[in-house]
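Here's the structure, in structure tokens; my notes come after.
Convention: sequence-line order gives letters A, B, ...; per-chain numbering from 1.
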2 protein chains.
Amino acid sequence: MVDHPSSDAEAAHAEVELSTVRLQEVAEAAGVSTITVSRCINNPARVSEKTREHVLKIANRMGYIPNRLASSLASARSMVIGVVVPTIANPIHGMVLQGAADILEPAGYQVLLGNSHFSKQSEFELVRTFLGHRVDGILLTGRDHLEECLDLLARSRTPMVEMFDYNPEPSDMAVGSSNFDAGASLGQYLIARGRRQFAYVGHTGLDDSRMIARLQGLIKVCEAAGLAPPRHYEISSDPGTGTGGEVVGTILRDVPEIDAVVFAGHQVAVGAIRYSVDVGIAVPQRLAIAGFGDSPIAKWITPSLTTVRFPVRENGIEAGKLMLWRLQGKQCKQRSIRLGFEILGRDSA
Amino acid sequence: MVDHPSSDAEAAHAEVELSTVRLQEVAEAAGVSTITVSRCINNPARVSEKTREHVLKIANRMGYIPNRLASSLASARSMVIGVVVPTIANPIHGMVLQGAADILEPAGYQVLLGNSHFSKQSEFELVRTFLGHRVDGILLTGRDHLEECLDLLARSRTPMVEMFDYNPEPSDMAVGSSNFDAGASLGQYLIARGRRQFAYVGHTGLDDSRMIARLQGLIKVCEAAGLAPPRHYEISSDPGTGTGGEVVGTILRDVPEIDAVVFAGHQVAVGAIRYSVDVGIAVPQRLAIAGFGDSPIAKWITPSLTTVRFPVRENGIEAGKLMLWRLQGKQCKQRSIRLGFEILGRDSA
DNA sequence: CTGTTAGCGCATTCAC
DNA sequence: GTGAATGCGCTAACAG
């Protein structure tokens, strides 16, 4: 082994070294300028086929991995999209995220993840962090955000999509089903089947406007039908764990006239069915139980859960598409996409 | 309004402008050097309390958001951790991810997400992408990876944790339960309860070593007990959808002697229970059904599913902790953490 | 405790 | 089709 300063020949063998090969080293090894190497990777059309092949072969052999930090800094495009979900432990949001990632990743974008834990304040801080990373776009869950957060977003001119709730006048873009309408439809369904006295069970401490919108829809149809407004209960269990169904016991003890309980989610509704069966509350004869959101368990529990199905994955997909359109300058399409929902009338109500 | 070139006074009012305030502008407005502002943010202890307060107040008022691309480039630390999961639509991996994020985010790290879709090749490409982003660490799912992938990881000297499978000799770090042992234990449990002829149902086209390890554990105990090895079936349904349970019909038609079916997952196992009940296969009298992984549905279906519970969220948490330790230079702890599992003997087997 | 100098690795803008 | 100069915004290392 001769001990000489690094030469082109050596550089070409650097594949066994650290993957800290720089653009410049590739350029030297290939006998071209740095910008040519850059173009071979980002703008192949603007380089002759011959040089391109030559350069790419060398880059490959050297194990060159472009430094996207430097690239993003210089070009002001990070190819990263920040996504804020309340939690990924809940499969619903996992699927939204999956939908968005399935659109964005093939387009060359990476997803930077943030969990708001259902807190608008945390959401705001995540947005700040994302802007620090100079993300090219941001996906938020729901339509209810801190004003400062929307302000910041607007001033930074970062494209933003609100997912999972219909919003006809989004601050930027939005996609989702109307949770108000979903609540109203479910209420109508129950009323049509003879229910007269409702309870609604939400979750304490969660900044989740969707759950509130569902209740408001329910309230509206109660009013319209001349019924008493639903009694509002809140439980502190984490939605998604499926615990907290025992609340139906409390409800019936409080207000025995109640003949229908609507849960803000579906997991807890299933838990409530299970609890009711265990303690001998006849579902649906004595008590109707319904929820929002669907899953295999909702279908397979006995009695099966009457619930509202939302096109979950589509939310992420459409949000991703909206974002891509904007990023590619095609601002032609609508800014707000309304998705539907479906009342799944099963055995529990 | 006077039209004059930007002055310090104006800069201090820039909060209504774009959030493209630079460190230098803050420095000028505060009458200090850029490095001092930098230190106020990243190393407050090395600045006098007086200047710090002064500078931070101004930075705040100007709506300054540090550019982490530039920061990362200059400091060679991105404060980003790349995480590869097969899919986030599956709550199991969602919870692992959640556990990891819950540890990493409070420590100031952001999670860059990648979906491998159960493909080792995709995993490799994601790792490349992550390295391009100069992530400070990488979390992978499972212990089976492309050799080139591990090579690249090692050469880049990027800390890495393999999650969700026990690996006594990880290429870097690892955390998880032994899926082999889990398969063996479940097998023993079933054998002890009189089962003699097994079938195992996996999923086609998935690079998932965990599912294979479970089968191998099962094979071992069958051998040890002098039983025929389990018949191996594969279904093409996406695990997590819960579809594909009809396979038990095929199995019993093929090999009527089979008295126990073990599913690689739990969703499909529940689907199989549901199917069996529907078509009149007596569970567990005629056929035992068991799976891996737990969820409310597994407990609430009738008959309830005998399955193996893994400490899912702990996987993510411990992986996050291992990563943090490494990142903070505390290499004292073990490189591999073994988590346990629990056979949940319920009604289906 | 604070400032100066010198990059980090790449892409943009203009030349040729 | 290719290259040279310049800067993206920040921090490391050293100086004072």
Indicate whether any N or O donor in one side chain lies under 3.5 Å from an N or O acceptor in the other, for B/T51 and B/S48. yes

Phosphate OP1/OP2 of [N]: any [X] side-chain N/O under 4.0 Å:
| X | N | value |
| --- | --- | --- |
| B/S71 | D/dC10 | no |
| B/N67 | D/dC8 | no |
| A/S38 | C/dA11 | yes |
| B/S75 | D/dT11 | no |
| A/Y64 | C/dG9 | no |
| B/T34 | C/dG3 | no |
| A/T36 | D/dG3 | yes |

Where the side chain of [X] is defined as all heavy atoms beyond and including C-beta, which of [options] is the nearest nucleotide?
| X | options | result |
| --- | --- | --- |
| A/A70 | D/dG9, C/dA11, C/dG9 | C/dG9 |
| B/V47 | D/dC8, D/dA4, C/dT2 | C/dT2 |
| B/S48 | D/dG3, C/dT2, C/dA11 | C/dT2 |

Below 30° counts as parallel, above 60° as perpendicular, anything between as tilted: where do the rings of B/F118 and B/H93 land?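 The arrangement is perpendicular - the two ring planes meet at more than 60°.
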
Roughly how many Å is it from [atom1] in [X] to [atom2] in [N], rounded to a whole number?
| X | N | atom1 | atom2 | result |
| --- | --- | --- | --- | --- |
| A/N42 | C/dC10 | CG | C1' | 9 Å |
| B/R46 | D/dA15 | CZ | P | 15 Å |
| A/I41 | C/dT12 | CD1 | P | 13 Å |
| B/R77 | D/dA12 | CZ | P | 9 Å |
| A/L131 | D/dG9 | CG | C1' | 16 Å |
| A/L69 | C/dA11 | CG | P | 12 Å |
| B/Q24 | D/dG9 | CD | P | 10 Å |
| A/L73 | C/dG9 | CG | P | 12 Å |

With sugar-phosphate meaning primed atoms plus P, OP1 and OP2, does [X] contact a base, only sugar-phosphate, or nothing at under 4.0 Å between heavy atoms?
| X | result |
| --- | --- |
| B/I35 | base |
| B/R68 | nothing |
| A/T51 | sugar-phosphate |

Output yes when A/E25 and A/R22 qualify as a salt bridge under the 4.0 Å nitrogen-oxygen rule, no when they do not. yes

State whether B/K120 and B/E123 are salt-bridged, where the test is any N-O pair (Lys NZ or Arg NE/NH1/NH2 against Asp/Glu carboxylate O) under 4.0 Å. no

Pick the nucleotide of DNA chain C nearest each of B/A74 and B/S33; which residue has the one closer to the 5' end?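 Here B/S33 is the residue nearer the 5' end.
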
Closer to the 5' end of DNA chain D via nearest nucleotide, is it B/P66 or B/R39? B/P66

When every non-hydrogen atom of B/M160 is compared with those of B/D172, the smallest separation belongs to N-OD2, 2.9 Å

Say you draw a straight line from OG of A/S156 to CD1 of B/I65; how long is it, rounded to the nearest 0.5 Å? 7.0 Å

